[in-house]
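As structure tokens, the structure follows; a few thoughts come after it.
By convention here, the first residue in the shown sequence is residue 1. Predicted model only: the values in this text are computed from it and were never measured.
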Amino acid sequence: MDAVLQVEELSGGYHPRKAIIKQLSFSIGKGQLIGLIGLNGAGKSTTIKHILGLMKPQSGKVYILGKTLADDSHTYRSSLAYVPESPILYEEMTVEEHLKMTAMAYDVKESNYKQELEGLLKRYRMTEKRNILTSHLSKGMKQKVMIMSALMAKPKLLIIDEPFLGLDPLGIRSLLKQLVQLKNEGTAILMSSHILSTVEQFCDGIILMHKGEVLVQGTVEQIIADATRSFNGQINNLEEAFYHFIAEGESEDVV
């Protein structure tokens with residue numbers, strides 16, 4: 001497996017003397033869709049911020065295509081795209097202007113841009129909104145613009161945080177279909193989500209975080225098998241495995 005993203009013994013946080021994430025190690029190869037799951041506060045967003053280069057590690061390394069941010073910032077940043085949980089857009093720019101700006105930033109050829117533009121607008125049912133200022137869009141439509149912009153970039157690594165929030169059922173279906181296509185084309189994808197049924201169905205591997213650490217990682221089948229062995233009972237799906245690994249280890253009931 002050729003690793004697109006390699007995280008090695010990563011520790012870090014907001015306070016220099018207190019690590020929120022601790023000794024994280026995992027990798028994502030070409031054509032892999034990996035689900036990042038855990039309770040709120042488990043350290044998923046902090047992990048993503050370190051991968052994006054928004055936070056400096058206290059220890060450990062993050063590599064994209066074998067380069068750290070310090071080694072080659074251009075290669076590192078141009079190889080990834082990010083869709084945050086909450087849309088961040090320029091309110092005085094139109095939908096199409098956002099996509100054009102992304103294409104320019106990632107050096108997408110003009111001929112490819114036009115083809116991708118029309119395809120994305122149609123796929124996400126945004127053709128009639130192409131010339132609308134994003135300040136006039138609903139949250140769900142703003143999320144679609146973020147997703148379309150990331151897909152326009154055709155990155156080597158796509159990081160997507162709670163991508164289904166605000167999307168209608170057709171938007172969710174379109175996104176999942178697009179993620180499968182990108183995966184098949186060789187894109188490495190890290191997707192953080194609380195929708196465990198979708199993670200189980202579409203992801204090639206799972207990283208389960210708890211209290212800033214990787215509690216367990218592997219394929220869905222491996223995690224279910226590990227949970228079955230650990231808790232001496234038949235575990236049937238990822239949701240049940242998640243509950244047993246997290247809730248059963250808590251001293252108080254989790255609601």
Side-chain angles (χ1 to χ4, degrees), residues 1-11 19-48 50-51 60-63 85 157-165 172-173 175-255:
M1 180 187 70
D2 296 324
V4 176
L5 172 66
Q6 184 78 36
V7 176
E8 295 183 353
E9 300 293 322
L10 177 66
S11 296
I20 294 176
I21 55 173
K22 307 155 194 171
Q23 301 294 306
L24 305 184
S25 293
F26 60 87
S27 63
I28 305 178
K30 292 180 180 179
Q32 277 196 313
L33 172 53
I34 302 298
L36 181 63
I37 63 175
L39 298 175
N40 292 333
K44 302 186 300 297
S45 294
T46 303
T47 301
I48 289 173
H50 278 80
I51 296 171
K61 298 282 188 179
V62 179
Y63 299 90
E85 178 179 347
L157 171 65
L158 174 62
I159 300 174
I160 188 163
D161 190 6
E162 294 295 343
F164 310 116
L165 292 179
I172 292 173
R173 182 174 180 178
L175 176 57
L176 288 170
K177 185 177 180 179
Q178 190 75 39
L179 291 179
V180 171
Q181 180 180 334
L182 286 173
K183 181 172 79 85
N184 291 339
E185 292 172 353
T187 301
I189 305 170
L190 178 64
M191 180 177 74
S192 174
S193 178
H194 289 300
I195 306 178
L196 298 183
S197 59
T198 301
V199 170
E200 179 174 2
Q201 182 179 356
F202 287 92
C203 289
D204 303 301
I206 307 295
I207 300 167
L208 171 55
M209 291 189 65
H210 188 53
K211 296 182 178 179
E213 300 179 344
V214 174
L215 189 60
V216 63
Q217 61 179 310
T219 65
V220 171
E221 293 76 16
Q222 288 170 339
I223 289 176
I224 291 174
D226 286 347
T228 298
R229 286 193 297 269
S230 298
F231 301 102
N232 297 317
Q234 181 59 45
I235 305 299
N236 298 302
N237 53 51
L238 181 61
E239 185 173 350
E240 290 181 9
F242 180 92
Y243 173 79
H244 281 282
F245 277 121
I246 301 289
E248 290 290 328
E250 297 288 342
S251 58
E252 299 180 356
D253 290 340
V254 176
V255 295

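Remark: the backbone N or O of Glu9 is paired with a side-chain donor or acceptor of Ser25 at under 3.5 angstrom. Although no hydrogens or angles enter the test, the distance criterion places no donor-acceptor pair under 3.5 Å between the side chain of Thr228 and the main chain of Gln234. In this structure, the side chain of Glu239 does not engage the main chain of Ser197 through any donor-acceptor pair within 3.5 Å. With hydrogens and angles ignored, the 3.5 Å screen pairs no side-chain donor or acceptor of Lys44 with any backbone N or O of Leu36.
For the pair Ser192 and Ile48, the tightest heavy-atom approach, listed with the atom from each and the gap, is CB-CD1, 4.2 Å. Across all their heavy atoms, Val4 and Ala188 have their closest contact at CB-CB, 3.7 Å. Residues Cys203 and Met191 come closest through the heavy atom pair SG-CE, 3.9 Å. In terms of heavy-atom proximity, Phe245 sits nearest to Ile223 at CE1-O, 3.7 Å. Ile224 and Asn236 get closest at one heavy-atom pair: CD1-O, 4.2 Å. Considering all non-hydrogen atoms of both residues, Leu175 and Pro163 come closest at CD2-CB, 3.6 Å.
Residues Ile34 and Gln217 fail the side-chain proximity criterion, which asks for heavy atoms closer than 4.5 Å. With a 4.5 Å cut-off on side-chain heavy atoms, Phe202 and Leu179 do not count as touching. Looking at Ser230 and His244, their side chains never come closer than 4.5 Å, going by heavy atoms from C-beta outward. In this structure, the side chains of Leu10 and Phe26 stay at 4.5 Å or more apart for every pair of heavy atoms. Side-chain contact check for Ile189 versus Ile28: every heavy-atom pair is 4.5 Å or farther apart.
Between Glu213 atom CD and Gln23 atom CD the span is 9.0 Å, to the nearest 0.5 Å. Between the OH atom in Tyr243 and the CD1 atom in Ile235 there is a gap of 10.5 Å [rounded to 0.5 Å]. Taken from CD1 in Ile51 to CG in Leu24, the straight-line distance is 8.5 Å, to the nearest 0.5 Å. Here the CG-CG distance, from Leu238 to Leu196, works out to 5.0 Å after rounding to the nearest 0.5 Å. Here the CG-CG distance, from Leu215 to Leu208, works out to 5.0 Å after rounding to the nearest 0.5 Å. Between Lys22 atom NZ and Lys211 atom NZ the span is 9.0 Å, to the nearest 0.5 Å.
Screening residues 214-228 for salt bridge (Lys or Arg N to Asp or Glu O under 4.0 Å) gives Asp226-Arg229 as the qualifying pairs, with residues at least two apart or on separate chains. Legend: salt bridge (Lys or Arg N to Asp or Glu O under 4.0 Å) pairs involving residues 182-205, not counting sequence neighbours, sorted by first then second residue: Lys183-Asp204.
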Given Leu5 and Val62, is the side-chain contact (heavy atoms from CB on, under 4.5 Å) satisfied, shown in steps? CA-CA 7 Å; Leu5 172 66; Val62 179; 3.8 Å; yes

Would Gln222 and Val216 count as a side-chain contact (heavy atoms from CB on, under 4.5 Å) if you check the C-alpha gap in whole Å, the side-chain angles of each, and the deciding distance to 0.1 Å? CA-CA 10 Å; Gln222 288 170 339; Val216 63; over 6 Å; no

